[in-house]
*Asks:* 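Sending over a structure as structure tokens; questions will come in a sec.
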Amino acid sequence: MPFSSQNVYVTEEVRLNLPRDKPVAVQQWQGLIAVNYAARKAGIKRMTTVDEAKRLCPELILVHVPTYGPDDHEPQYYPSPSRATHKVSLDPYRNASKSIFKIFHKYCTTIQKIGLDEGFLDITDIVNDRIRAKYVPHNLDRMDGLECGIDLDWEELGIAVGKGGDDVEKSTTWRDLQLAVGAELAQQIRKEIRDTLNYTCSAGKHIVKGRKKEAPRLKLL
């Protein structure tokens, strides 16, 4: 399951106590390395030049990444550091990433890290453990089939269920239940990150529900 925390600009939103609806971009010299959702709505993208970003969104809040000045022993936030005399530091974002991934590791051990703010979590084992504990004891008579017959509220779980045509099964399958429990786990992880670090985090999940050819029997027992 992919998770993305966008921790570069969120780190600055939290540090400066900025409302999430204010357009914010993180600047490194004359380019942008992170852009929040409010700024993206104005047409600003990563690597947009600073001058172009200001033209697109005059109210944009620009935050330059911390840098080491000539006599600095710790990185500082300068409004207009000189590339000739300052050295970039990404330590605040690396530290934020470590805190986020520390929470990820509480829930699974197999994680593929992609950059500072994104990773893929293999949550198969914990999902199957939760299904075994909560659902299997009450549905032993259904274990030999594809369908588990458990009602699921897909909208509440935040899952977009595709409409695949007449071959989509109406009854919930064990594969569907895996996805639902995975969504519950994603909500739990996101909540812990928000409550602990005040960071937002997104998790990706999508399925075309119930196709027989995509739903072999799960090995839950």
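Values reported hereafter were calculated over all heavy atoms of this structure, with side chains retained and with hydrogens, waters and symmetry mates removed.
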*Asks:* Closer than 3.5 angstrom, by distance alone: can the side chain of Asn36 be matched with the main-chain N or O of Ala39 as a donor-acceptor pair?
*Replies:* yes
*Asks:* Apply side-chain contact (heavy atoms from CB on, under 4.5 Å) to the pair Gln76 and Tyr68, showing each step before the final yes or no.
*Replies:* CA-CA 6 Å; Gln76 306 293 328; Tyr68 287 95; over 6 Å; no
*Asks:* Cluster question for you: counting only ILVMFWY and a side-chain heavy-atom cut-off of under 4.5 Å, with indirect links fine, are Val8 and Leu32 together?
*Replies:* no
*Asks:* Go through the steps for Lys113 and Ser97 under the test side-chain contact (heavy atoms from CB on, under 4.5 Å), then give the verdict.
*Replies:* CA-CA 10 Å; Lys113 186 175 182 180; Ser97 178; 3.3 Å; yes
*Asks:* Considering non-hydrogen atoms only, spot the tightest contact between Leu60 and Ala53 and give its length.
*Replies:* CD2-CB, 3.6 Å
*Asks:* So, for Pro92 and Ser89, which heavy atoms are closest and what is the spacing to 0.1 Å?
*Replies:* CD-O, 4.2 Å
*Asks:* Go through the steps to decide whether Val26 and His64 satisfy the test side-chain contact (heavy atoms from CB on, under 4.5 Å), and finish with yes or no.
*Replies:* CA-CA 6 Å; Val26 179; His64 199 284; over 6 Å; no
*Asks:* Show every salt bridge (Lys or Arg N to Asp or Glu O under 4.0 Å) that has at least one partner inside residues 88-105, sequence neighbours left out.
*Replies:* Asp91-Arg94
*Asks:* Tell me whether Thr196 contacts the main-chain N or O of Ile193 through its side chain, where contact means a donor paired with an acceptor under 3.5 Å.
*Replies:* no
*Asks:* Rounded to the nearest 0.5 Å, what separates atom CD1 in Ile123 from atom CG in Leu185?
*Replies:* 4.5 Å
*Asks:* Nearest 0.5 angstrom please: Asn95 CG to Thr11 OG1, how far?
*Replies:* 9.0 Å
*Asks:* How long is the straight-line distance from OH of Tyr78 back to OG1 of Thr85, given to the nearest 0.5 Å?
*Replies:* 8.5 Å
*Asks:* Only pairs at least two apart or in different chains count here, so list each side chain to side chain donor-acceptor pair (under 3.5 Å) that has a residue in residues 19-30.
*Replies:* Glu13-Arg20
*Asks:* Would Ile33 and Tyr9 satisfy side-chain contact (heavy atoms from CB on, under 4.5 Å), going step by step from the backbone distance to the final call?
*Replies:* CA-CA 9 Å; Ile33 64 169; Tyr9 69 74; over 6 Å; no
*Asks:* Can you confirm whether Thr110 sits close enough to Phe120 that some side-chain heavy atom of one is under 4.5 Å from a side-chain heavy atom of the other?
*Replies:* no
*Asks:* Above 12 or not: heavy atoms from other molecules or residues under 6.0 Å from CZ of Arg83?
*Replies:* no
*Asks:* Just by distance, do the side chain of Asp129 and the backbone of Ile126 share a donor-acceptor pair under 3.5 Å?
*Replies:* no
*Asks:* Is there a path of hydrophobic side-chain contacts, each under 4.5 Å between heavy atoms of I/L/V/M/F/W/Y residues, joining Val88 to Val50?
*Replies:* no
*Asks:* Atom CD of Glu192 and atom OH of Tyr199: how far apart are they, to the nearest 0.5 Å?
*Replies:* 15.0 Å
*Asks:* Search all heavy atoms of Asn198 against all heavy atoms of Val10 and return the closest pair with its distance.
*Replies:* O-CG1, 4.4 Å
*Asks:* With rounding to the nearest 0.5 angstrom, report the CG to CD1 distance, Leu177 to Ile131.
*Replies:* 4.0 Å
*Asks:* Tell me the closest heavy-atom pair linking Lys54 and Leu62, and the distance in Å.
*Replies:* CE-CD1, 3.5 Å
*Asks:* Between the main-chain N or O of Ala34 and the side-chain N or O of Arg46, is there a donor-acceptor pair closer than 3.5 Å?
*Replies:* no
*Asks:* Does the side chain of Gln187 pick up a donor-acceptor pair with the side chain of Arg190 at under 3.5 Å?
*Replies:* no
*Asks:* At what distance, to the nearest 0.5 angstrom, does CG of Asp72 lie from NE2 of His86?
*Replies:* 6.5 Å
*Asks:* Using the rule that Ile, Leu, Val, Met, Phe, Trp and Tyr join whenever any side-chain heavy atoms are under 4.5 Å apart, tell me whether Ile100 and Leu90 fall into a single cluster.
*Replies:* yes
*Asks:* Between Arg40 (side chain) and Val35 (backbone), is there a donor-acceptor pair under 3.5 Å?
*Replies:* yes
*Asks:* Taking the side chain as every heavy atom from C-beta outward, state whether Glu52 and Arg55 have any pair of such atoms under 4.5 Å apart.
*Replies:* yes
*Asks:* Hey, is Arg130 close enough to Glu184 for a salt bridge, meaning N to O under 4.0 Å?
*Replies:* no
*Asks:* Looking only at side chains, do Thr67 and Tyr77 share a donor and an acceptor under 3.5 Å apart?
*Replies:* no
*Asks:* Could you tell me which residues satisfy side chain to side chain contact (heavy atoms under 4.5 Å, CB included) with Ile111, sequence neighbours excluded, listed by chain and number?
*Replies:* Phe101, Phe104, His105, Cys108, Leu121
*Asks:* Return yes if a side-chain donor-acceptor contact under 3.5 Å exists between Asp51 and Thr49, otherwise no.
*Replies:* no
*Asks:* Which heavy atom of Val127 sits nearest a heavy atom of Gly182, and at what distance?
*Replies:* CG2-CA, 3.8 Å
